[in-house]
Amino acid sequence: MSTRRPFRACACFFSDNVFVGRYGLHVRYRDEEQLRREHGQALRERGCRSEEDFRAALREIEAEVQRRKQLIHQSEERKAIISKCYKRKHPELYSLQDSFLAPDFLEIVRYCTSPDAHLQGLLRYIKSFSDKRIYRLPVFTEEFCKAFVDELENFEQSDMPKGRPNTMNNYGVLLNELGMDETFITPLREKYLRPITALLYPDLGGACLDSHKAFVVKYSLHEDLDLSSHYDNAEVTLNVSLGKDFTEGNLYFGDFSQDPTPVPKYIEIEHVGAQGLLHRGGQIHGALPVASGERWNLIIWMRSSVVRNQLCPMCNKKPELVEAEGFGDGFTETLEDDAPETVNLCSLW
């Protein structure tokens, strides 16, 4: 294999899909005039009716754009401080071990890595929901989930600097900043998840998911309560329910973002502790409000550079690459002679 090229982000990260929390709306932002022209009506329909309302929304949008522009530098600073100063409560959790994984999950992986593995055979091991290509499977042991949440709470209660998981989640942990990317998430993706996604999502680069963004989100009555409808910056997403005790807060799924229907059909799926849901990143989804307790979920956005180098899933254009930290948003520099003559999503892998 040739030397891995550095990962990049698309320039649209600094302007597109900016979430205006008070109105539950994603917008594209270039300047005030463009915002009024393209999103003024949608904002008014959601209650942004006065000039004062608009100015408050504009400040929120501009603050988010500035946060994104400073993200690389600030994330590297936080990661360095955490690495030097944070005292881990369960240091053994930071390197993936088979003992953390559910026996049934390991059996699924063994099947998927066998010479005769095929999709229909895999579907005997996991639960499928409707025709939306959403699948439930066991992932971790309950003992691991309990210890992992205990570690996350220890970090949350520390005086370490903390970054937001994404625009829509204010509470949670970025696992690359905590130091879990290289020794936990990367081997989980490469050794265990990719054989599964290769069978479930071959058209989305499931066999060549070469980067990720991993974070944990937390929902509770006095913090983030729910999650508005959206789609992920990923080819494939894994969402694992870690606990703790909570009621309600189910996930719901609608159309695929690139194939919407006039009247979307939604399905609602309950969380099952220590189990995960695999779904297409472009599947529109959200989370209903929790009614009590706390809900922690591990989210892994898995990306294929072979797929997204052709079209950015967030702006639906050829990506305009900019420098990024770590895995960036999963894009890589491509050369003219890299383009395959035939359509083979993982031909560059």
K.L.:
Enumerate the residue pairs fulfilling ring-ring contact (aromatic ring centres under 6.0 Å, His included) with a member in residues 49-94, sequence neighbours excluded, ordered by first and then second residue.
P.N.:
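Residue pairs passing ring-ring contact (aromatic ring centres under 6.0 Å, His included), neighbours aside: Tyr86-Phe155.
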K.L.:
Applying the side-chain hydrogen bond (donor to acceptor under 3.5 Å, both in side chains) test to Tyr29, which of His39, Glu64, Glu62, Gln34 qualifies?
P.N.:
Glu62
K.L.:
Which residues pass the side chain to side chain donor-acceptor pair (under 3.5 Å) test with Glu177, not counting sequence neighbours?
P.N.:
Ser75, Arg78
K.L.:
Under the ring pair (Phe, Tyr, Trp, His ring centres under 6.0 Å) test, which residues partner His271, sequence neighbours left out?
P.N.:
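Partners of His271 by the ring pair (Phe, Tyr, Trp, His ring centres under 6.0 Å) criterion, ordered by chain and then number, come out as Phe246.
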K.L.:
Can you tell me if NZ on Lys191 sees more than 12 non-hydrogen neighbours from other groups inside 6.0 Å?
P.N.:
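Open.
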K.L.:
Answer yes or no: is there a donor N or O on one side and an acceptor on the other, between the side chain of Asn297 and the main chain of Val217, under 3.5 Å?
P.N.:
no
K.L.:
Does the structure place the NZ or CZ of Lys213 under 6.0 Å from the centre of the six-membered ring of Phe215, at an angle of no more than 45° from the ring's axis?
P.N.:
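Yes - Lys213 lies over the ring of Phe215, closer than 6.0 Å to its centre and within 45° of its axis.
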K.L.:
Is the backbone of Arg194 close enough, under 3.5 Å, to the side chain of Thr197 for a donor and an acceptor to pair up by distance?
P.N.:
yes
K.L.:
Short question: side chain of Arg133, backbone of Leu200 - any donor-acceptor pair under 3.5 Å?
P.N.:
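Such a contact is found between Arg133 side chain and Leu200 backbone.
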K.L.:
Checking the side chain of Glu270 only, and the main-chain atoms of Asn250 only, is there a donor and an acceptor separated by less than 3.5 Å?
P.N.:
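Not a single qualifying donor-acceptor pair exists.
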K.L.:
Has Lys132 got a side-chain atom pairing as donor or acceptor with Gly254's backbone, closer than 3.5 angstrom?
P.N.:
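Yes, Lys132 side chain to Gly254 backbone: donor-acceptor pair under 3.5 Å.
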K.L.:
Please enumerate all residues that pass ring pair (Phe, Tyr, Trp, His ring centres under 6.0 Å) together with His279, with sequence neighbours excluded.
P.N.:
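Per chain and number, His279 pairs via ring pair (Phe, Tyr, Trp, His ring centres under 6.0 Å) with Phe253, His285.
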K.L.:
Spell out, yes or no, whether Leu96 and Leu178 are grouped together once hydrophobic residues are joined by side-chain heavy atoms under 4.5 Å, including indirect joins.
P.N.:
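Yes.
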K.L.:
Show me the side-chain donor-acceptor pairs of residues 101-113 shorter than 3.5 Å, one per line, residues at least two apart or across chains.
P.N.:
| residue | atom | partner | partner atom | Å |
| --- | --- | --- | --- | --- |
| Tyr111 | OH | His118 | N | 3.1 |
| Tyr111 | OH | His118 | O | 3.4 |
| Thr113 | OG1 | Val109 | O | 2.9 |
| Thr113 | OG1 | Arg110 | O | 3.1 |

K.L.:
Quick one: does any side-chain atom of Ser305 pair with a main-chain N or O of Gly330 as donor and acceptor, under 3.5 Å?
P.N.:
no
K.L.:
What's the shortest heavy-atom distance between Gln275 and Pro138, and which atoms?
P.N.:
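That would be CG-CA, 3.9 Å.
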K.L.:
Look at the side-chain heavy atoms of Ile, Leu, Val, Met, Phe, Trp and Tyr, link any pair under 4.5 Å apart, and say whether Phe100 and Ile196 land in one connected group.
P.N.:
yes
K.L.:
Looking at Glu268, I want to see if its CD is surrounded by more than 12 non-hydrogen atoms of other residues, nucleotides or ligands under 6.0 Å.
P.N.:
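Enclosed.
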K.L.:
For Glu51, does the CD atom sit with more than 12 other heavy atoms under 6.0 Å from it, leaving out its own atoms?
P.N.:
yes
K.L.:
Just do the side-chain contact (heavy atoms from CB on, under 4.5 Å) check on Leu175 and Phe184 with the steps written out, would you?
P.N.:
CA-CA 9 Å; Leu175 294 185; Phe184 191 103; over 6 Å; no
K.L.:
Should the heavy atoms of other residues, nucleotides or ligands under 6.0 Å from CD of Glu142 be counted, would the total exceed 12?
P.N.:
no
K.L.:
Please enumerate all residues that pass ring pair (Phe, Tyr, Trp, His ring centres under 6.0 Å) together with Tyr192, with sequence neighbours excluded.
P.N.:
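Checked Tyr192 against ring pair (Phe, Tyr, Trp, His ring centres under 6.0 Å); zero matches.
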K.L.:
Counting distance only, does the side-chain N/O of Asp329 pair as donor-acceptor with the main-chain N or O of Asn233 below 3.5 Å?
P.N.:
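No, because the side chain of Asp329 does not come within donor-acceptor range (under 3.5 Å) of the backbone of Asn233.
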K.L.:
Hey, is the main chain of Met160 close enough, under 3.5 Å, to the side chain of Lys162 for a donor-acceptor pair?
P.N.:
yes
K.L.:
Taking the six-membered ring of Phe327, is NZ or CZ of Arg189 closer than 6.0 Å to its centre and within 45° of its axis?
P.N.:
yes
K.L.:
Identify the residue among Leu188, Val236, Leu209 that makes a side-chain contact (heavy atoms from CB on, under 4.5 Å) with Leu193.
P.N.:
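The option that passes is Leu188.
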K.L.:
Would Arg68 and Phe14 count as a cation-pi pair here, with the cationic atom under 6.0 angstrom from the ring centre and within 45° of the axis?
P.N.:
no
K.L.:
Within the 3.5 Å criterion, strictly below it, is a donor on Glu45 or Tyr23 matched to an acceptor on the partner's side chain?
P.N.:
no
K.L.:
Consider only side-chain N and O atoms of Ser15 and Arg30, and report whether a donor and an acceptor are under 3.5 Å apart.
P.N.:
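Yes, side-chain donor-acceptor contact under 3.5 Å.
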K.L.:
With under 30° as parallel and over 60° as perpendicular, where do the rings of Tyr135 and Tyr201 fit, or are they tilted in between?
P.N.:
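Perpendicular, since the angle between the ring planes exceeds 60°.
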K.L.:
Flag yes if more than 12 heavy atoms outside Lys146 fall under 6.0 Å of its NZ atom; otherwise flag no.
P.N.:
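Result for NZ/Lys146: open.
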